[in-house]
Amino acid sequence: MSWSLTDEREQRRWFLFEACTELGFCIPPKVQDELILRDSISRKELVRAVIEAEGIFPVHLESYEHFDALMEICEKFVDAP
């Protein structure tokens with residue numbers, strides 16, 4: 001991560017904000033809150049949850065066209081593995 005955000009919830013909140021503003025993955029506030037408040041979630045699980053919240057269920061997550069871009073944003077903000 002290129003800058004310091006120590007609170008996991010804030011890290012997820014910033015990721016969700018960027019996913020919405022940069023790529024248009026603007027998930028409903030209730031789903032955002034659920035993801036932000038989860039006890040533990042990996043980057044890949046977080047990206048999958050965002051994609052699925054948009055109603056997209058790719059057979060192979062890594063082959064989905066926006067997967068890499070979402071992972072890049074996630075890695076920028078979220079410290080989780």
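Just so it is clear, the values below take in all heavy atoms, side chains as well, and ignore hydrogens, waters and symmetry mates.
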side-chain contact (heavy atoms from CB on, under 4.5 Å) partners for R12, two or more places apart
E8, I36, R38, I41, L46
Can you list the residues that meet the side chain to side chain donor-acceptor pair (under 3.5 Å) rule with E34, with sequence neighbours excluded?
none
With sequence neighbours excluded, what pairs up with E52 under the salt bridge (charged side-chain N to carboxylate O under 4.0 Å, His left out) test?
R48
Expected list for residues 23-33: side-chain donor-acceptor pairs under 3.5 angstrom, two or more places apart:
from, atom 1, to, atom 2, distance (Å)
Q32, NE2, I27, O, 2.9

Atom pairs and distances, side-chain donor-acceptor, residues 57-65, under 3.5 Å, sequence neighbours left out:
from, atom 1, to, atom 2, distance (Å)
E62, OE2, K44, NZ, 2.2
S63, OG, H60, O, 2.7

Under the ring-ring contact (aromatic ring centres under 6.0 Å, His included) definition, can you give me all pairs with a residue in residues 27-53, not counting sequence neighbours?
none
Do you know the tightest heavy-atom contact between F15 and V50?
CE2-CG2, 3.8 Å
Counterpart residues, side-chain contact (heavy atoms from CB on, under 4.5 Å), relative to E22 (two or more places apart):
E18, I73
Interatomic distance, L16 atom CG to C74 atom SG [nearest 0.5 angstrom]
8.5 Å
